[in-house]
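Heads up, the thing below is written out as structure tokens.
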Number of protein chains: 2
Amino acid sequence: MADAPVRVVVVDDHAMFRSGVRAELASAGAGVVDVLAEAADVDEAVAAVQAHRPDVVLLDVHLPGGGGVEVMRRLAATETRFLALSVSDAAEDVIGTIRGGARGYVTKTITGPELVSAIRRVADGDAVFSPRLAGFVLDAFAGSIEVAAVDEDLDRLTEREREVMRLIARGYAYKEVAKELFISIKTVETHMSNVLRKLQLSSRHELTRWATDRRLL
Amino acid sequence: MADAPVRVVVVDDHAMFRSGVRAELASAGAGVVDVLAEAADVDEAVAAVQAHRPDVVLLDVHLPGGGGVEVMRRLAATETRFLALSVSDAAEDVIGTIRGGARGYVTKTITGPELVSAIRRVADGDAVFSPRLAGFVLDAFAGSIEVAAVDEDLDRLTEREREVMRLIARGYAYKEVAKELFISIKTVETHMSNVLRKLQLSSRHELTRWATDRRLL
DNA sequence: CCCGGGATCAGGGGCGTCCCCGATGGTGCG
DNA sequence: CGCACCATCGGGGACGCCCCTGATCCCGGG
């Protein structure tokens, strides 16, 4: 337990959240986790890591300047380990981040002590996932061909079509989607028609199953 | 690793499956897991456990004579530990079995070595769950009030209503449910109307989400 | 400058969903 | 026997879903 402190850089675009992380880590006691620096976007993150050479980077997934994946790409040469810390538990984000090189992925619902534990385990070379995520991360790697096919299909959707698709898959009625996106019902119908055609599905029910099977919600 | 062998009774109504379990456990080597007896229904299981006093009972959930839960109820006085082994990963089965006193629950997709490991861990007093199941078992206990409420709601449905409910929740159209259950569409509509009213839901989409949230599929 | 693609919208039609009303027969219970 | 409950079915209606045709606007590439 009384090893050398783990040296950490915290990357997140919300200052409030960075403060919270810093406070939680500090309350674990001095000499357990040492926050060397913080960063709020991709450029700052790269600079901070190159300057401080931390053991672990706590990395937000959604980050101005390209996201956490971009940070990892530009620091691929270093031997720093990345622990993704995100509000999202969508498969797109998780799989993408792991592929980008993260050694772990936990959601922001994590408690302070759990985070400390996760950081130490990543520093030791372990992979750490939130319990909910572990299962489908393994599934995704077991069936990685299928995941690739999904991404291909998903790429054929436009941004607007993806928005509509997500809401429909969650059970929104066309009317509700229209209100949510400030567009007409008819426009929603058009987008949905395109979505179903591009994904080769024939009803919103199949879409729901398609999306839940792939944890896109 | 070289502790005393774990003494086991295998309970399952399929002889073929019992043979498979026995073979897999034997291939782990002599003196690791010792299969004392097999049983194919509730009465046999109770008798076998009382006769052999095993460390662990490998217990199928769906069993003629009342299911695995009944076996555990009638053996509650013993200090035997139960490891449920089932094809089902439905929440109803998992939660019910755990409540009945099982110390673990693994699905039949498990490999031989994993099963050996699971048996040893249960014998040592650990709780063992298939990765997919661990998450929602914990969820269920965290929100056990809600689970109780679910069961209460479910109990208010008749058998026929539950059948219809399951099919609808899986995305079947009324017409398809009718064909599947050899009844008229109108009857399906009546049942669905009752289901929605009893569960205080207002659409088949809410029903789908309700069911998937609780893993009733 | 035209052409393609994306986003927006409209009308109309076929079918699915969900509700209202009502009806029949079976079954168990006091 | 009367009564409650269940399963079964029907008509009809309001609205949702999905498709088709067709239209406008904007934007970027050849």
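To the nearest 0.5 Å, the span separating NE2 on H52(B) from CZ on R7(B) amounts to 8.5 Å. E176(B) CD to E180(B) CD: the interatomic distance, rounded to the nearest 0.5 Å, is 9.0 Å. Atom OG1 of T80(A) sits about 8.0 Å away from atom CG of D55(A), to the nearest 0.5 Å. Interatomic distance, T208(A) OG1 to H205(A) NE2, rounded to the nearest 0.5 Å: 7.5 Å.
Between the side chain of E189(A) and the base of dC19(D), at least one donor-acceptor pair of N or O atoms lies under 3.5 Å. Taking 3.5 Å as the limit, the base of dC9(C) and the side chain of T190(A) contain a donor-acceptor pair of atoms between them. For dG11(C), its base sits under 3.5 Å from the side chain of K186(A) at one donor and acceptor pair at least.
Separating the CG atom of L199(A) from the C1' atom of dC18(D) is a distance of 15 Å, rounded to the nearest angstrom. Following rounding to the nearest Å, Y174(B) (OH) and dC9(D) (P) show an atom-to-atom distance of 16 Å. Here dT21(D) presents its P atom at 12 Å from CZ of R197(A), a figure rounded to the nearest Å. Protein atom NE2 of H205(B) is 8 Å distant from nucleotide atom C1' of dT17(C), rounded to whole Å. Between L157(B) atom CG and dC5(D) atom P the separation is 16 Å, expressed in whole Å. I185(A) places its CD1 atom 17 Å from the C1' atom of dA7(C), with the value rounded to the nearest Å. If you measure from atom CD of E206(A) to atom C1' of dG16(C), you get 14 Å, rounded to the nearest angstrom. Regarding M192(B), its CE atom lies at a distance of 14 Å from the P atom of dC20(C), rounded to whole Å.
For dT8(D), one of the phosphate oxygens OP1 or OP2 lies less than 4.0 angstrom from a side-chain nitrogen or oxygen of R160(B). For dT8(C), one of the phosphate oxygens OP1 or OP2 lies less than 4.0 angstrom from a side-chain nitrogen or oxygen of H191(A). Residue T187(A) has a polar side-chain atom (N or O) positioned under 4.0 Å from OP1 or OP2 of dC9(C).
Counting heavy-atom neighbours within 6.0 Å of Y174(B) OH, excluding the residue itself, gives a total above 12.
Backbone-only engagement by S184(B) is indicated by non-hydrogen atom pairs under 4.0 Å involving sugar-phosphate atoms exclusively. Within 4.0 Å (heavy atoms only), S193(B) reaches sugar-phosphate atoms of the nucleic acid but no base atom. Among the protein residues, L196(A) comes within range of the sugar-phosphate backbone only, with heavy atoms under 4.0 Å from sugar or phosphate atoms but none that close to a base.
Comparing I168(A) and F182(B), the nucleotide of DNA chain D nearest to each residue sits closer to the 5' end for F182(B).
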